[in-house]
There are 2 protein chains.
Amino acid sequence: MISRLEALCLEKGLKMTGQRRVISQVLSEADDHPDVEEVHRRALLIDPRISIATVYRTMRLLEEAQVIERLDFGDGRARYEEAGADHHHHLIDTRTGRVIEFSCSELEAIKERIARELGYRIVAHRLEIYGVPLDEEEGKK
Amino acid sequence: MISRLEALCLEKGLKMTGQRRVISQVLSEADDHPDVEEVHRRALLIDPRISIATVYRTMRLLEEAQVIERLDFGDGRARYEEAGADHHHHLIDTRTGRVIEFSCSELEAIKERIARELGYRIVAHRLEIYGVPLDEEEGKK
DNA sequence: ACTAGGAATGCGAATGATTTTCAGTATTAT
DNA sequence: ATAATACTGAAAATCATTCGCATTCCTAGT
């Protein structure tokens, strides 16, 4: 069967190879924000002959085709998620690395307004909040 | 004379060496967002015997001491700015790389609210908008 | 189906930013 | 001043990512 991302790739006219199919499947099934090594690890479970170089190449390809989005949580490696319709942002738990997604239409509106006031059209943007759980804070007292 | 950042370092009890003084001066005088190589280049004009390794070490030291802030505009190298009192964000011109700073108290309030709703206390956050000038858009028509 | 030809892959080497190692030097408290 | 300790320069080491090249795999054309 065809994974969600594979279908998207076909729509965009990308040549589909065995390894791209596997990587598309991995990314379709992911509900987190894996880095390249993690994608490779998961891909190897499906087909053990995929090289990390191919994963890097494919991630770049998919990013350029806007099928996935590259994220950066400041830890030195790129993370990825499916390029969604909904504009959301990330709250990163600095203790555990857990990532919570959220979205806020007010935020979007304010951003648009700020860009317009500065004379710009937004081509991309990102908001990340790094935080620690409130309940753990209490625990420390 | 003592540069603004050098004073800050002294306050924080950092040992002040010749090269740290030079780097502090460079950073105090900068009104842009230089990367490590650029800081090194400017430092060399003041004292030609400063090594890039020392610049890297000092930038990290100053970042940890919260004297400067590390930025990341997605081009693979770290940028820095003086850690300011005012919470501002960056709009990056994707055509020229120019960086415009802006701040918005509404944004701050919304972010705080979102974090609280998710059960977190903010320890850091960042918002970057990447855009192209509106007037250049018109020119293309 | 069958084949040509241009992509895609795998491997290892190359890159670019950053960190570390280590021997020598400078800084600060005494 | 002096000792103890931290800092520096230079080069080697790392880490994530990209590239070069020989081989293999798709896709279009027949």
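Here is how names work: the chains are called A, B, and so on, in the same order as the sequence lines, proteins then strands, and each is numbered from 1. The structure displayed is predicted, hence computed values, not measured ones.
In this structure A:His40 satisfies the ring-ring contact (aromatic ring centres under 6.0 Å, His included) test with no other residue, sequence neighbours excluded. For B:Arg113, the salt bridge (Lys or Arg N to Asp or Glu O under 4.0 Å) partners are A:Glu106, B:Glu117, not counting sequence neighbours.
With rounding to whole Å, B:Arg49 atom CZ is found 19 Å from D:dC7 atom P.
Non-hydrogen atoms lying under 4.0 Å from DNA chain D are contributed by A:Lys15, A:Met16, A:Gly18, all within residues 12-26 of chain A. Residues of residues 38-48 of chain A that place a heavy atom closer than 4.0 Å to DNA chain C do not occur.
Nearest heavy-atom pair across B:Ala115 and B:Ile122 is CB-CG1, 3.5 Å. When all heavy atoms of B:Lys15 and B:Arg20 are compared, the closest pair comes out as O-NH1, 2.9 Å.
In this structure, B:His90 has its ring center closer than 6.0 angstrom to the ring center of B:Phe73.
Defined by atom type and a distance below 3.5 Å, a donor-acceptor pair is missing between the side-chain atoms of A:Glu38 and A:His33. For the residue pair A:Glu112 and A:His125, no side-chain donor N or O sits within less than 3.5 Å of a side-chain acceptor on the partner.
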Inset, instruction - Starting at the 5' end of nucleotides 14-20 of chain D, put B wherever the base has a protein heavy atom under 4.0 Å, S where only the sugar-phosphate does, and a dash everywhere else. - result: --SBBBB
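Of the charged side-chain nitrogens involved, none lies within less than 4.0 Å of a carboxylate oxygen, so that A:Glu81 and A:Arg70 do not count as a salt-bridged pair. Under the 4.0 Å criterion applied to side-chain N and carboxylate O atoms, B:Asp93 and B:Arg95 are not assigned as salt-bridge partners. A:Arg42 has no carboxylate O lying under 4.0 Å from a charged side-chain N of A:Glu29, or vice versa, which leaves the two without a salt bridge. For B:Glu108 and B:Lys111, the salt-bridge test passes: some basic side-chain N is under 4.0 Å from an acidic carboxylate O.
A 6.0 Å sphere centred on CZ of B:Arg49 holds no more than 12 heavy atoms belonging to other residues, nucleotides or ligands.
A rotation axis mapping the C1' atoms of four pairs onto the next four is fitted at both ends of the helix from C:dA1-D:dT30 to C:dT30-D:dA1 over five pairs, and the angle between these axes is 40° to 10 degrees.
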